[in-house]
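In listed order, ligands and their atoms are each counted from 1.
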Amino acid sequence: MMGRLYTVSGPAGVGKGTLVDLACAMDPSLFLSISCTTREVRPGEKDGVNYHYISEARFDQMVREDAFFEWASVHGHRYGTPCAPVEQALAAGRSAILEIDVQGSAQVKLRRSDTIRIFVLPPSWQALKGRLIARARDPLKDVAVRLKNAYHELEEGLKFDYAIENGEREAAARDLLRVIRAEDPGEFALARQRGKIEALLNSYGEVETIC
Ligand code: 5GP
């Protein structure tokens, strides 16, 4: 039996990378795709572990060769999911997770309509801003831009199949596994989570007062 394909997306700083890593550590049968990117390696990151760091020319070549399942420009850099490893994992019956942005997730859904799209929500704007500042990766002026982008990503989140709030990370990773293993995931179905997304969208005004 073919494995199932999942995309996990959410705003910058929401902690989706940590969440996905934790879920994959809890269930090693899951396949986690390693993306290609043209951005620089950050301190603590490793080529072939966090990403495959490639040149603009190599990225162009892979686009021409149709070697990406999907690709997108995010925050000024290009990111793409290489096809072959994902296809192999699915053919071997493993569920595959793509931790990608909302545009990439939409492309994957067009390519494979049975893709299950999972959106990761912050508990509040305050929490998201706190995490963006705590990771000390972005200059403070970029934090406001990322929060504004987050608003548009949340609007896209309304089109996903499931949404998980990333409050306490172990609990959120277990919630993610419940969705992936289809263990009574109804609680996380978008119809049940829509109110939380709408509440965040309606309270975006708070961002003006916290920035
Ligand atoms: P970062 O540079 O902080 O690791 O990632 C920036 C954004 O790019 C995140 O939203 C992440 O989900 C997204 N991203 C990472 N890999 C891919 C990919 O292969 N395709 C797409 N579309 N987005 C990706």
Side-chain angles (χ1 to χ4, degrees), residues 5-24 30-56 58-63 65-90 96-112 115-122 128-129 131-139 142-143 145-157 159-160 162-164 166 169 172-173 176:
L5 184 59
Y6 298 85
T7 67
V8 176
S9 308
V14 78
K16 54 197 183 293
T18 314
L19 189 59
V20 164
D21 286 346
L22 204 54
C24 290
L30 299 173
F31 171 80
L32 178 58
S33 164
I34 301 174
S35 298
C36 295
T37 183
T38 58
R39 82 151 161 75
E40 74 293 351
V41 187
R42 294 191 188 121
E45 291 183 342
K46 276 209 178 84
D47 188 30
V49 176
N50 304 88
Y51 285 102
H52 301 290
Y53 300 90
I54 64 173
S55 65
E56 295 286 350
R58 176 77 185 122
F59 202 99
D60 286 338
Q61 187 191 358
M62 289 181 73
V63 170
E65 290 170 353
D66 203 18
F68 288 126
F69 210 78
E70 61 71 42
W71 69 270
S73 291
V74 187
H75 309 139
H77 300 286
R78 288 188 292 172
Y79 296 81
T81 305
C83 282
V86 176
E87 301 285 11
Q88 279 160 19
L90 294 175
I97 304 182
L98 314 182
E99 191 251 285
I100 61 178
D101 87 310
V102 291
Q103 315 163 63
S105 171
Q107 284 181 55
V108 173
K109 183 77 179 178
L110 284 178
R111 191 157 177 155
R112 284 184 63 125
T115 303
I116 296 166
R117 305 173 75 204
I118 304 169
F119 194 80
V120 183
L121 288 171
L128 187 62
K129 187 195 173 197
R131 286 184 197 167
L132 283 169
I133 291 172
R135 69 181 190 173
R137 190 189 286 168
D138 310 308
D142 287 354
V143 169
V145 174
R146 301 219 186 247
L147 289 171
K148 194 169 172 201
N149 289 342
Y151 180 89
H152 297 297
E153 286 159 342
L154 282 164
E155 286 180 317
E156 284 300 303
K159 301 177 190 158
F160 277 55
Y162 294 96
I164 289 172
N166 194 12
R169 63 190 192 133
L176 180 58

Quick check on ligand 1: any N or O pairs to the protein under 3.5 Å? One line per pair.
| residue | atom | partner | partner atom | Å |
| --- | --- | --- | --- | --- |
| ligand 1 | 2 (O) | Arg39 | NE | 2.6 |
| ligand 1 | 2 (O) | Arg39 | NH2 | 3.4 |
| ligand 1 | 2 (O) | Arg42 | NH2 | 3.3 |
| ligand 1 | 2 (O) | Tyr79 | OH | 2.4 |
| ligand 1 | 3 (O) | Arg42 | NH1 | 3.4 |
| ligand 1 | 3 (O) | Arg42 | NH2 | 3.3 |
| ligand 1 | 3 (O) | Arg137 | NH1 | 3.4 |
| ligand 1 | 4 (O) | Arg39 | NH2 | 3.0 |
| ligand 1 | 4 (O) | Tyr51 | OH | 2.5 |
| ligand 1 | 5 (O) | Tyr51 | OH | 3.3 |
| ligand 1 | 12 (O) | Glu99 | OE2 | 2.9 |
| ligand 1 | 16 (N) | Ser35 | OG | 3.1 |
| ligand 1 | 19 (O) | Ser35 | OG | 2.7 |
| ligand 1 | 19 (O) | Glu70 | OE2 | 3.3 |
| ligand 1 | 19 (O) | Gly80 | N | 3.4 |
| ligand 1 | 19 (O) | Gly80 | O | 3.3 |
| ligand 1 | 19 (O) | Thr81 | N | 3.4 |
| ligand 1 | 19 (O) | Thr81 | OG1 | 3.4 |
| ligand 1 | 20 (N) | Glu70 | OE1 | 3.4 |
| ligand 1 | 20 (N) | Glu70 | OE2 | 2.7 |
| ligand 1 | 22 (N) | Glu70 | OE1 | 2.8 |
| ligand 1 | 22 (N) | Asp101 | OD1 | 2.7 |
| ligand 1 | 23 (N) | Asp101 | N | 3.1 |
| ligand 1 | 23 (N) | Asp101 | OD1 | 3.4 |

Original post:
Hey, is the main chain of Val120 close enough, under 3.5 Å, to the side chain of Asn166 for a donor-acceptor pair?
Top reply: no
Original post:
Are any side-chain N or O atoms of Lys16 and backbone N or O atoms of Gly10, one a donor and one an acceptor, separated by less than 3.5 Å?
Top reply: yes
Original post:
Mind checking what makes ring pair (Phe, Tyr, Trp, His ring centres under 6.0 Å) contact with Tyr79, not counting sequence neighbours?
Top reply: Tyr51
Original post:
Should we say atom CZ of Arg135 is surrounded by more than 12 heavy atoms from elsewhere, each under 6.0 Å from it?
Top reply: yes
**OP:** Using the side-chain hydrogen bond (donor to acceptor under 3.5 Å, both in side chains) rule, collect all pairs that involve residues 96-111, keeping only residues at least two apart or in two chains.
**Re:** Thr7-Ser105, Asp101-Gln103, Ser105-Arg117
Original post:
Which pairs pass salt bridge (Lys or Arg N to Asp or Glu O under 4.0 Å) with one or both residues in residues 73-86, sequence neighbours excluded?
Top reply: Glu56-Arg78, Asp60-Arg78
